[in-house]
Novice: 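Okay, handing you the structure first.
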Amino acid sequence: MVPLGWIGGVVGLILATAISLYANALIAMLHEFGGTRHIRYRDLAGYIYGRKAYSLTWTLQYVNLFMINTGFIILAGSALKAVYVLFRDDDQMKLPHFIAIAGLVCAMFAICIPHLSALGIWLGFSTVLSLAYIVIALVLSLKDGIKSPARDYSVPGTSTSKIFTTIGASANLVFAYNTGMLPEIQATIRQPVVKNMMKALYFQFTVGVLPLYLVTFAGYWAYGSSTQTFLLNNVKGPIWVKVVANITAFLQSVIALHIFASPMYEYLDTKHGIKGSALAFKNLSFRILVRGGYMTLNTFVSALLPFLGDFMSLTGAISTFPLTFILANHMYLVANKNKLTSTQKLWHWINIWFFAVMSVAATIAALRLIALDSKTYHVFADL
């Protein structure tokens, strides 16, 4: 909202919702293409295009998931720092320290949860934690907004910088809605598969986006263009309430990160033949070394460049645009080339080229933002 303002932000969120629903619907309709269920996005791409497309899609997925995990670690570290500042604002502990702690907790959780289906009850906790954060953030923002004087809602920056930030924000918006792993998430959905996937998507992009809208609009309304990336850094209220909100944000980040890291874990486990009991010495030591090493790298990158908004923009530009929009439209075009009219084919080609241009432009804008922030702050910055 900050780089877009009220009109651009509201229109952008709604438009991103619509195009994300459309793109994911294309992927869902290809889930059983060729009479086979494709439970991995890269399997679907490989089936349609061949082995090279399989590898390219997996590379883009890996980049997307790695960047998502980076964002979650930064968020978890920011939440821990916010709790620390509430009690001791002595500058002894800085954001990189809390990111390191968050990374350690995430690694321990990954070692203890051998596979995605083992999350079980943790998904229930995740829902409760999300609702708690949403309610607290919403109530405190509304309370502050009612008491605050007139806020500044103008888009900051020069004319040139506004162009770059607007383009970067578009990538940020699509990143907020998309994962690039819809087939993986829906792998265990019951028959009829495509019909149930569509029901899930319609629910996600209608009822499911309402909490996102509420928190986003309330936060921007309450604090205007001075709103920080981590909303809880803005809110005022009882210390214990803010502690609860930040702890829920931290715990939810740990659980959510595991969901998006699981495809990489599953790939490594399969490649190295990890089977049987999760507590077997070979399997346990493998998880400690491999998942621990993966999380160490992720944590290092998070601490090195902890610019959450910039990373969201870069992720949207280099992976979410190609995976969710360009690839989805082209796969649907190739898979149904004999069934589509000329107008339908033209529509998909327009989408492909439009999002290709947006991907390039958003990548340039995101790299520019990271470069500027790196000069303003420095690596391992204490934001």
Side-chain angles (χ1 to χ4, degrees), residues 1-23 67-68 71 74-75 78 134 137-138 141-142 144-145 148 150-179 204-206 208-235 306-322 324-325 351 354-373 376 383:
M1 294 294 289
V2 172
L4 296 173
W6 270 119
I7 296 176
V10 173
V11 172
L13 276 170
I14 295 173
L15 189 60
T17 303
I19 63 174
S20 297
L21 171 59
Y22 176 73
M67 300 291 270
I68 289 173
I74 294 172
L75 178 59
S78 299
I134 290 168
L138 182 62
S141 296
L142 292 175
D144 289 347
S148 298
R151 275 79 70 191
D152 179 16
Y153 296 112
S154 62
V155 178
T158 63
S159 299
T160 302
S161 66
K162 287 179 182 179
I163 295 174
F164 282 102
T165 54
T166 299
I167 296 173
S170 67
N172 209 327
L173 287 171
V174 298
F175 171 77
Y177 289 110
N178 300 282
T179 63
Q204 174 189 345
F205 286 101
T206 53
V209 299
L210 291 181
L212 172 65
Y213 284 178
L214 287 173
V215 172
T216 302
F217 295 152
Y220 187 62
W221 170 76
Y223 309 108
S225 57
S226 63
T227 308
Q228 298 185 46
T229 303
F230 186 50
L231 181 60
L232 294 181
N233 285 339
N234 293 93
V235 300
F307 314 122
L308 180 58
D310 296 352
F311 268 103
M312 290 171 65
S313 297
L314 184 61
T315 303
I318 65 176
S319 58
T320 308
F321 271 129
T324 306
F325 301 109
N351 283 330
F354 173 77
F355 288 115
V357 171
M358 284 297 298
S359 179
V360 173
T363 299
I364 295 172
L367 290 174
R368 177 181 179 274
L369 288 172
I370 290 176
L372 290 175
D373 281 341
T376 303
L383 303 181

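Because only heavy atoms are used, hydrogens play no part in the values below, and waters and symmetry mates are left out as well, while side chains stay in. The shown structure was predicted, so the numbers you read here are calculated from the model rather than taken from an experiment.
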Novice: When rounded to the nearest 0.5 angstrom, what is the spacing between CG in N233 and OG1 in T227?
Specialist: 11.5 Å

Novice: If you compare all heavy atoms of M358 against all heavy atoms of S170, which two are closest, and at what distance to 0.1 Å?
Specialist: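 That would be CE-OG, 3.2 Å.
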
Novice: Would you give the length of the straight line joining atom OG of S141 to atom OH of Y223, rounded to the nearest 0.5 angstrom?
Specialist: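 Reported to 0.5 Å precision, the distance equals 4.0 Å.
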
Novice: Do V2 and P156 have side chains that get closer than 4.5 Å, going by heavy atoms?
Specialist: yes

Novice: Testing the basics here: between W221 and L142, what is the closest heavy-atom pair and its distance to 0.1 Å?
Specialist: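 For W221 and L142, the tightest heavy-atom pair comes out as CZ3-O, 3.8 Å.
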
Novice: Out of curiosity, S319 OG to I68 CD1, how far, rounded to the nearest 0.5 Å?
Specialist: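 Atom-to-atom, S319:OG and I68:CD1 are 7.0 Å apart.
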
Novice: Compare every heavy atom of A169 with every heavy atom of P3, then report the nearest pair and how far apart it is.
Specialist: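 That would be CG-CB, 3.8 Å.
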
Novice: Distance from I19 atom CD1 to L173 atom CG, nearest 0.5 Å?
Specialist: 8.5 Å

Novice: Is it the case that more than 12 heavy atoms not belonging to L210 sit under 6.0 Å from its CG atom?
Specialist: yes

Novice: Which pairs of donor and acceptor atoms, one on a side chain in residues 212-220, lie under 3.5 Å apart (sequence neighbours left out)?
Specialist:
from	atom 1	to	atom 2	distance (Å)
Y213	OH	T17	OG1	2.7
T216	OG1	L212	O	2.7
Y220	OH	Y153	O	3.0

Novice: Would you please say whether a donor-acceptor pair under 3.5 Å links the side chains of N178 and S20?
Specialist: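 Looking only at side-chain atoms, S20 and N178 do form a donor-acceptor pair, the distance falling under 3.5 Å.
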
Novice: Please tabulate, one pair per line, all N/O donor-acceptor pairs under 3.5 Å involving side-chain atoms of residues 363-372, not counting sequence neighbours.
Specialist:
from	atom 1	to	atom 2	distance (Å)
T363	OG1	S359	O	2.7

Novice: What closest approach, in Å, do V174 and A171 show between heavy atoms, and which atom pair accounts for it?
Specialist: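 Reported closest heavy-atom pair: CG2-O, 3.2 Å.
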
Novice: Using only atom types and a distance under 3.5 Å, with no angle test, would you say the side chain of R151 pairs donor to acceptor with the backbone of S226?
Specialist: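 Not a single qualifying donor-acceptor pair exists.
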
Novice: Under 3.5 Å, is there a donor-acceptor pair between the side chain of D152 and the main chain of S225?
Specialist: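 Not a single qualifying donor-acceptor pair exists.
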
Novice: Nearest 0.5 angstrom please: L21 CG to Y177 OH, how far?
Specialist: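 Reported value, rounded in 0.5 Å steps: 11.0 Å.
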
Novice: Between CG of L232 and OG of S78, what distance do you get to the nearest 0.5 Å?
Specialist: 10.0 Å

Novice: Write down the atom of L314, the atom of M67, and the distance for their closest heavy-atom approach.
Specialist: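 Smallest interatomic distance, heavy atoms only, reads CD2-CE, 3.6 Å.
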
Novice: So, for F325 and A23, which heavy atoms are closest and what is the spacing to 0.1 Å?
Specialist: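 Heavy atoms of F325 and A23 come nearest at CD2-CB, 3.6 Å.
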
